[in-house]
Amino acid sequence: MTATAFGEALSNSLSLSSILILTALGLAITFGVMRVINMAHGEMLMLGAYTAHVVTAEKYLGLNLYWAIPISFLVVAFVGYLMEVCLIRFLYGRPLDTLLATWGVGLILQQVINLTFGANLVPMHLPEELQGHWEIGSLNLPRYRVFIVGVTALCLLAIYLWFYWTSFGLKIRAVVQNRPMASALGISTRTVDSMTFAFATGLAGVAGCIMGHLYNVQYTMGGDYVVEAFMVVILGGMGQLSGSVAGGVVIGTGNGFASKLLGNEVMAKVVILAMVVGFLLIRPSGLFVTKERAYD
């Protein structure tokens, strides 16, 4: 592999890993706290991309990417909050009903976006300072892909500070460890659920925003990445945040380099999927062992 090909594979791997990590973290957080598998999580990513389109398009707000990222987080987090308050909180402890309900919400969101914006692909433009490449020796690294890694690192730092350095993060960890005891001590578990679910969906919105500036945007784009995000969560260990980060790096890096070596992106995904399945047959708990907890 030449230095140029290695640089392309490395930049593709880093950006794909970052997007998968942001998407998978939301799934891991909702499962870890509420034991809910959100089948509409891909549509939250899609909403983030379309929010970025509205924010950056000249015919709408005409702002830049730096505004689009926090606005996408807030808009999608608000949608997630409404989703938890109006639907999911009535289905806790009923996993099959939750799967079907969130899947139905995802279909509804797809059609709403389709009717509002149409089925055509929506291109977005990067700020000038994020266009082009950085030359490091014989490597050419696209600036925007490095920017994606930086955004993901900031999000990971924010999650760490939120979980381990705030009183609300302490409440979240208390609910995860022992929900009945946390409730008995005066912690509003419903507030924890709704705010955590909103935060998790907001992360998907950020992933959709940065992905929308990397690829074209369409109303079915969520399903293309949520499957890999589920793979990341399962590989890392259900409900394990550190496992989701490790799983995202493994699958993203594997896809990036396998695509370059095999010359076929679809074949690369098949190979990586087969390797993940083989690993899970040996270690079903994933990279990090998770502790089972009943939802009361």
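No hydrogens, no waters, no symmetry mates; every other heavy atom, side chains included, goes into these values.
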Participant: Taking it one step at a time, do Arg173 and Leu170 satisfy side chain to side chain contact (heavy atoms under 4.5 Å, CB included)?
Facilitator: CA-CA 5 Å; Arg173 288 183 284 130; Leu170 181 61; 3.7 Å; yes

Participant: Can you tell me how far apart CG (Leu65) and CD1 (Ile210) are? Round to the nearest 0.5 Å.
Facilitator: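 It is 9.0 Å, given to the nearest 0.5 Å.
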
Participant: State yes or no: are the ring centers of His53 and Tyr60 separated by less than 6.0 Å?
Facilitator: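 Between His53 and Tyr60, the centre distance is under 6.0 Å.
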
Participant: Can you find a heavy atom in the side chain of Val217 that is under 4.5 Å from one in the side chain of Met221?
Facilitator: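 In short, these two side chains touch, coming nearer than 4.5 Å.
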
Participant: Quick one: does Arg145's side chain have a donor or acceptor within less than 3.5 Å of a partner on Leu14's backbone?
Facilitator: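 No.
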
Participant: Test your reading of the model: is there a side-chain donor-acceptor pair from Tyr81 to the backbone of Met195, 3.5 Å cut-off?
Facilitator: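 It does not hold such a pair.
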
Participant: Between Asn114 (side chain only) and Phe117 (backbone N and O only), is there a donor and an acceptor less than 3.5 Å apart?
Facilitator: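 Side chain of Asn114 to backbone of Phe117: no pair is present.
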
Participant: Hey, what do you get for OG (Ser242) to CG (Leu25), rounding to the nearest 0.5 Å?
Facilitator: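 The OG atom of Ser242 sits 10.0 Å away from the CG atom of Leu25.
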
Participant: Just by distance, do the side chain of Ser72 and the backbone of Gly48 share a donor-acceptor pair under 3.5 Å?
Facilitator: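 Such a contact is found between Ser72 side chain and Gly48 backbone.
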
Participant: Less than 4.5 Å apart, side chain to side chain, heavy atoms only: is that true for Val75 and Leu47?
Facilitator: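 No - every pair of side-chain heavy atoms lies 4.5 Å or more apart.
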
Participant: Please lay out, stage by stage, how Leu214 and Ile19 fare under the test side chain to side chain contact (heavy atoms under 4.5 Å, CB included).
Facilitator: CA-CA 11 Å; Leu214 190 62; Ile19 293 172; 4.3 Å; yes

Participant: According to salt bridge (charged side-chain N to carboxylate O under 4.0 Å, His left out), who are the partners of Lys269, at least two apart in sequence or on a separate chain?
Facilitator: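 Glu265.
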
Participant: What is the minimum heavy-atom distance between Val226 and Gly42, and which atoms define it?
Facilitator: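 Scanning both residues, the minimum pair turns out to be CG2-N, 3.7 Å.
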
Participant: Nearest 0.5 Å, what's the CE-OH distance between Met211 and Tyr215?
Facilitator: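 Here the interatomic distance stands at 8.5 Å.
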
Participant: If you take all heavy atoms of Thr201 and Gly80, which pair is closest and at what distance?
Facilitator: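 Closest heavy-atom pair between Thr201 and Gly80: OG1-CA, 3.5 Å.
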
Participant: Show the nearest heavy-atom pair for residues Val233 and Ala24, with the distance to one decimal.
Facilitator: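 Where Val233 meets Ala24 most closely, the heavy atoms are CG2-O, 3.5 Å.
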
Participant: Arg190 and Arg89: which non-hydrogen atoms are nearest, and at how many Å?
Facilitator: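 Heavy atoms of Arg190 and Arg89 come nearest at O-NH2, 3.7 Å.
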
Participant: Taking the six-membered ring of Phe31 as reference, does the cationic atom of Arg35 (NZ for Lys, CZ for Arg) lie under 6.0 Å from its centre and within 45° of its axis?
Facilitator: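 Yes, a cation-pi geometry holds between Arg35 and Phe31.
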
Participant: Determine whether Glu228 and Asn255 make a side-chain contact, defined as any pair of heavy atoms from C-beta on separated by less than 4.5 Å.
Facilitator: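 Heavy-atom side-chain distance check passes, below 4.5 Å.
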
Participant: What's the spacing between Leu273 CG and Leu235 CG if we round to 0.5 Å?
Facilitator: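 With rounding to 0.5 Å, CG (Leu273) is 11.0 Å from CG (Leu235).
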
Participant: Quick check: does any side chain N or O of Thr23 sit under 3.5 Å from a backbone N or O of Leu20, one acting as donor and the other as acceptor?
Facilitator: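 No, the answer is negative, given that no donor and acceptor are paired below the 3.5 Å cut-off.
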
Participant: Would you indicate whether the side-chain heavy atoms of Cys155 and Val151 approach each other to under 4.5 Å?
Facilitator: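 Heavy-atom side-chain distance check passes, below 4.5 Å.
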
Participant: Between Glu84 (side chain only) and Ala198 (backbone N and O only), is there a donor and an acceptor less than 3.5 Å apart?
Facilitator: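 Not a single qualifying donor-acceptor pair exists.
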
Participant: Can you tell if the side chain of Asn178 reaches within under 4.5 Å of the side chain of Pro180, non-hydrogen atoms only?
Facilitator: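 Asn178 vs Pro180: side chains touch.
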
Participant: Do Trp103 and Glu43 have side-chain heavy atoms sitting under 4.5 Å apart?
Facilitator: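 Heavy-atom side-chain distance check fails, nothing below 4.5 Å.
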
Participant: Determine whether Tyr144 and Ile148 satisfy the following criterion, side chain to side chain contact (heavy atoms under 4.5 Å, CB included), listing intermediate values before the conclusion.
Facilitator: CA-CA 6 Å; Tyr144 183 61; Ile148 291 175; 3.6 Å; yes

Participant: Around atom CD of Glu128, are there more than 12 heavy atoms from other residues, nucleotides or ligands closer than 6.0 Å?
Facilitator: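 For Glu128, atom CD is not crowded (no more than 12 foreign heavy atoms under 6.0 Å).
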
Participant: Does Tyr219 form a side chain to side chain contact (heavy atoms under 4.5 Å, CB included) with Leu109? I'd like the steps, not just the answer.
Facilitator: CA-CA 9 Å; Tyr219 73 100; Leu109 291 175; over 6 Å; no

Participant: I'd like to check Leu63 versus Thr56 (side-chain heavy atoms, cut-off strictly below 4.5 Å). Are they in contact?
Facilitator: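 The answer is no, as the side chains (C-beta and beyond) never meet within the 4.5 Å cut-off.
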
Participant: Is Val227 reachable from Ile272 through a run of I, L, V, M, F, W or Y residues, each pair having side-chain heavy atoms under 4.5 Å apart?
Facilitator: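 Yes, same cluster.
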
Participant: A side-chain contact here means heavy atoms from C-beta on lying under 4.5 Å apart; do Tyr92 and Met34 qualify?
Facilitator: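 Yes, their side chains come closer than 4.5 Å.
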
Participant: Would you confirm whether Ser15, through its side chain, and Asn12, through its main-chain N or O, come within 3.5 Å as a donor-acceptor pair?
Facilitator: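 Confirmed, Ser15 side chain pairs with Asn12 backbone.
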
Participant: Roughly how far apart are Leu281 CG and Phe279 CZ, rounded to 0.5 Å?
Facilitator: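 Result: 11.0 Å between the selected atoms.
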
Participant: Counting only heavy atoms not in Phe78 (residues, nucleotides, ligands), do more than 12 fall under 6.0 Å from its CZ?
Facilitator: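 For Phe78, atom CZ is not crowded (no more than 12 foreign heavy atoms under 6.0 Å).
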
Participant: Minimum heavy-atom separation for Ser194 and Val85, please, with both atom names.
Facilitator: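 Minimum heavy-atom contact is CB-CG2, 4.2 Å.
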
Participant: With a sphere of 6.0 Å drawn around OH of Tyr164, does it hold more than 12 non-hydrogen atoms of other residues, nucleotides or ligands?
Facilitator: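 Open.
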
Participant: If you take all heavy atoms of Leu27 and Asn38, which pair is closest and at what distance?
Facilitator: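 That closest heavy-atom pairing would be CD2-O, 3.8 Å.
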
Participant: With sequence neighbours excluded, give me every ring pair (Phe, Tyr, Trp, His ring centres under 6.0 Å) pair touching residues 169-213.
Facilitator: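 Listed once each, the pairs are Phe73-Phe199, Trp162-Phe199.
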
Participant: I'd like to know if Arg179 pairs up with Asp193 as an ion pair, taking the criterion as any Lys NZ or Arg NE/NH1/NH2 lying under 4.0 Å from an Asp or Glu carboxylate oxygen.
Facilitator: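 Yes, this pair counts.
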
Participant: Using the side chain to side chain contact (heavy atoms under 4.5 Å, CB included) definition, which of the options Ile251, Leu203, Leu241, Val245 pairs with Ile21?
Facilitator: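 Among Ile251, Leu203, Leu241, Val245, the one meeting side chain to side chain contact (heavy atoms under 4.5 Å, CB included) with Ile21 is Val245.
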
Participant: Rounded to the nearest 0.5 Å, what separation is found between the CG atom of Asn64 and the CG atom of Leu126?
Facilitator: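 Answer rounded to 0.5 Å: 11.0 Å.
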
